[in-house]
Amino acid sequence: MVHLKGISKIYEGKYVLKNIDVEVHRGELLVILGESGSGKSTLLKCINHLVHPDEGLVEAEEELFTTSPAYEWRRKFGYVFQNIGLFPHMTVLENLYIVPDMNSGDSTDKYDKAAELLKLVGLPAAQFGNRFPSELSGGQQQRVGVARALATSSPVMLMDEPFSALDPITRYQLQRDLLSWKSHYHLTIVFVTHDIREARFLADRIVIMEKGQIAQLGVWDELRQNPANEYIESLLNQEY
Ligand code: ADP
Ligand code: MG
């Protein structure tokens with residue numbers, strides 16, 4: 001589905017990603033876990049070429065990124081950020097309407113599509129559609145962010161610490177809901193976090209990043225039982 005082949009990125013003469021090979025399976029939720037500065041966001045951005053890798057190739061849906069314009073490639077992916085995201089001067093509906101895919105039919109289609117997405121993320125359009133982001137809680141804003149990513153109709157969702165700024169109760173609700181949205185839309189998700197509990201709860205498989213390299217890749221139980229090094233052992237032990 002998404003295949004990263006030998007991806008490296010150099011900033012200021014230093015490798016911040018070094019020779020990353022990962023295959024994300026169709027329908028999988030792959031978590032990228034690591035401490036701040038380990039290269040998680042850069043790796044996520046290499047997938048949709050928000051950042052161009054210095055070495056290596058990205059393949060998605062059997063297509064290789066070569067020279068096609070990056071903005072077209074980017075449309076293959078939904079993208080959810082941690083904080084930024086919604087345009088503050090636009091209503092919830094207007095924030096959804098900026099997605100090009102929303103504008104393919106006539107204007108009733110557009111409203112119906114937006115209303116369906118908003119209902120799915122628990123924000124009925126009649127009540128929330130005309131609110132501005134400042135009139136929503138943090139959790140509700142992130143729900144709109146997810147709805148907007150879903151509106152792209154892309155089968156692959158890239159999520160960069162989308163719930164990190166939320167209180168634990170709201171975060172847990174969104175984590176549970178994400179798993180149901182994932183199965184509803186048959187999504188493939190690459191999810192960046194530095195939260196070990198979140199990784200354990202959401203992940204089919206976990207990639208542990210350490211200083212720009214993959215320290216280990218596997219399912220939670222494997223990583224816990226056979227950590228590749230002391231760093232991973234102590235990292236995963238923090239959960240208890
Ligand atoms: P993480 O998301 O795991 O916190 P990042 O991918 O954001 O890590 O950053 C990895 C490293 O790359 C950090 O050392 C960061 O300072 C550096 N870095 C990220 N983006 C840039 C940039 N645009 N220019 C220079 N250095 C960068
Ligand atoms: Mg980051």
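Note that ligands are numbered from 1 as they come in the structure, with each ligand's atoms numbered from 1 the same way. Keep in mind that what you see is a predicted model, and the values were worked out from it rather than measured.
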For ligand 1, which is the ligand I care about here, please tell me if [X] has any N or O atom under 3.5 Å from one of the ligand's N or O atoms.
X	answer
V16	no
S38	yes
G37	yes

(request) Just the protein N/O/S atoms under 2.8 Å from the Mg ion (ligand 2), please, no waters. (result) S41 OG
Could you identify the single nearest non-hydrogen protein atom to [atom] and state the distance to 0.1 Å?
atom	result
atom 25 (C) of ligand 1	Y11 CG, 3.5 Å
atom 7 (O) of ligand 1	S41 CB, 3.8 Å
atom 8 (O) of ligand 1	G39 N, 3.3 Å
atom 5 (P) of ligand 1	T42 OG1, 3.6 Å

(message) Can you tell whether the side chains of D101 and R75 come within less than 4.0 Å, N to carboxylate O?
(response) yes
(message) Can you tell whether the side chains of K76 and E61 come within less than 4.0 Å, N to carboxylate O?
(response) yes
(message) Can you name the atoms of ligand 1, numbered from 1 with element, that are less than 4.0 Å from a heavy atom of E35?
(response) 3 (O)
(message) Please report whether atom 16 (O) of ligand 1 has a protein non-hydrogen atom at a separation of less than 4.0 Å.
(response) no
(message) Just by distance, no angles: are the side chains of Q216 and Y231 close enough, under 3.5 Å, to form a donor-acceptor pair?
(response) no
(message) Any heavy atom of G34 closer to ligand 1 than 4.0 angstrom?
(response) no
(message) I'd like to check I189 versus L178 (side-chain heavy atoms, cut-off strictly below 4.5 Å). Are they in contact?
(response) yes
(request) State, with a plain yes or no, whether a side-chain heavy atom of Y79 is found less than 4.5 Å away from one of L44. (result) yes
Taking all heavy atoms of [X] and all of [Y], pick out the closest pair and write down the distance.
X	Y	result
T42	K9	CG2-CG, 3.9 Å
Q213	I20	CA-CD1, 4.1 Å
L17	C46	CD1-SG, 4.0 Å
V31	A199	CG1-CB, 3.7 Å

(request) Could I get the full list of ring pair (Phe, Tyr, Trp, His ring centres under 6.0 Å) partners for Y97, not counting sequence neighbours? (result) none
(request) Look at the side chain of T188 and the backbone N and O of G27, then say whether any donor-acceptor pair between them is shorter than 3.5 Å. (result) yes
